[in-house]
Amino acid sequence: MVIFHPVKGKTRFAPSPTGYLHEGHLLSALYVWASARKWNLDVHLRIEDHDQERARPQHVQAIYEDLEWLGFTWQSESVQSRHFDRFQKKLEDLQEKKLVYPCYCSRKELDAENPKNEFGEIIYQGKCFLGARDFSLPHNLRVHIPDKVIRWQDLRLGIFEENPKLQCGDFPIRDRIGQWTYQFAVCVDDIEEGITHIIRGEDIRNSTARQIALMELMGRETPPKYLHHPLIVDDSGKKLSKREKAHSIRQDREAGISPQELLGRVLFKAGIRGVPSPIDLDEALDLICLIF
Ligand code: GLU
């Protein structure tokens, strides 16, 4: 008798070490680990330090410490800055297929010459695609994506039909100073690390169609499954952000709060629980499994 063992799925938690983790990251982590519980997935912890200008070693260290303090465990881990050879190889594959071109436009030109989408991002109209090429000038590298509607399903929000060509146009995969962009690095790693389920905040939802398009160009035929969760907003209705110095988990720990108290506060702020009283991680994950 042939016994069929389906391949176990894998999700990931992928913070960028450009600041300390805050309540928004904790909510994301809760959704990731709850999804793992619900769909029997392994969890991969990926440190997304592709932006070497902004990543800091003390923030990398704090990610591991804060997650362990909260009680999260994971089956595998990686650090993006150790993948630069992998990124270079994928770039060369795309170059061989003539899907990459240098873009010499300055920030000012980009703003002046291109329309913007509803998120305020430019929709690149392809000026440098046909232009003269001189690699000695400062340039970023853009990927030439097809003009095509991507139909994808969010496990919470339903079906989306989006054409990244109209949403953002050809986008950068390496910046002017030679750093790999988030869009490129995340696609390469999600492929290479065998990620089957991507669980992340709604603020990144508009990146999904372009990432599926790029992954297709890199040969991944079946995209991962996606779930974008609601965000915690501050008192003025804006999402929490590291850059604006959101209150960090580190500060809470130093102030003597327990993991259970912090979890209780986050679930309350996210509107998942009506009271801010302490709760165990295990119970918090069960609760989140019920809402999607
Ligand atoms: N590194 C991103 C962040 O910290 C998350 C990327 C993703 O989940 O695709 O916001």
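All ligand and atom numbering here is 1-based and tracks the order in the structure.
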K.L.:
Within the 4.0 Å heavy-atom shell around Pro15, which atoms of ligand 1 are there?
P.N.:
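Those atoms are 4 (O).
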K.L.:
Within the 4.0 Å heavy-atom shell around Glu48, which atoms of ligand 1 are there?
P.N.:
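Contacts of ligand 1 toward Glu48, numbered from 1: 1 (N), 2 (C), 5 (C), 6 (C).
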K.L.:
For Phe171 and Ile122, what are the C-alpha separation, side-chain angles and deciding distance, and is it a side chain to side chain contact (heavy atoms under 4.5 Å, CB included)?
P.N.:
CA-CA 10 Å; Phe171 54 87; Ile122 64 146; over 6 Å; no
K.L.:
Can you tell me which portion of Ser16 lies within the under-4.0 Å heavy-atom range of ligand 1? Options are side chain, backbone, both, or neither.
P.N.:
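Answer for Ser16: both.
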K.L.:
For Val186, take its heavy atoms, then give the atoms of ligand 1 lying under 4.0 Å from any of them.
P.N.:
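Selected atoms, number and element: 9 (O).
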K.L.:
Is His25 close to ligand 1, meaning an N/O of one under 3.5 Å from an N/O of the other?
P.N.:
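No, there is no polar N/O contact under 3.5 Å.
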K.L.:
Would you say Ala14 and ligand 1 have an N/O pair spaced under 3.5 Å apart?
P.N.:
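Yes, at least one N or O pair falls under 3.5 Å.
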K.L.:
Is the closest heavy atom of Phe13 to ligand 1 under 4.0 Å?
P.N.:
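Checking ligand 1 against Phe13, which is what was asked, there is no heavy-atom contact under 4.0 Å.
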K.L.:
Looking at Asp190 and Arg220, is there a salt bridge between them, counting it only when a charged N and a carboxylate O are closer than 4.0 Å?
P.N.:
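Looking at Asp190 together with Arg220, the answer is no, because their closest N to O distance does not fall below 4.0 Å.
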K.L.:
Salt-bridge test for Glu193 and Arg46: reply yes if a basic N is under 4.0 Å from a carboxylate O, no otherwise.
P.N.:
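A salt bridge is present here (some side-chain N lies under 4.0 Å from a carboxylate O).
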K.L.:
Which of the atoms in ligand 1, numbered in the order shown and given with their element, are less than 4.0 Å from a heavy-atom of Arg200?
P.N.:
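Here the atoms of ligand 1 in question are 7 (C), 8 (O), 9 (O).
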K.L.:
Just which atoms of ligand 1 are under 4.0 Å from any heavy atom in Tyr182?
P.N.:
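This gives 6 (C), 7 (C), 9 (O) as the contact atoms.
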K.L.:
Only heavy atoms of Arg12, strictly under 4.0 Å: list the atoms of ligand 1 that pass.
P.N.:
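Contacts of ligand 1 toward Arg12, numbered from 1: 7 (C), 8 (O), 9 (O).
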K.L.:
So, Glu53 and Gln179: side-chain donor and acceptor under 3.5 Å apart, yes or no?
P.N.:
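No donor-acceptor contact under 3.5 Å links the two side chains.
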K.L.:
Should we count NZ of Lys225 as having more than 12 external heavy atoms under 6.0 Å?
P.N.:
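No, because the 6.0 Å sphere around NZ of Lys225 holds 12 heavy atoms or fewer from other groups.
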K.L.:
How are the rings of His50 and Tyr182 set to each other: parallel, tilted or perpendicular (split at 30° and 60°)?
P.N.:
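Tilted: the ring planes of His50 and Tyr182 meet at 30° to 60°.
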K.L.:
Could you label the plane-to-plane angle of the Tyr226 and Trp152 rings as parallel, tilted or perpendicular, counting under 30° as parallel and over 60° as perpendicular?
P.N.:
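The rings of Tyr226 and Trp152 stand perpendicular, inter-plane angle above 60°.
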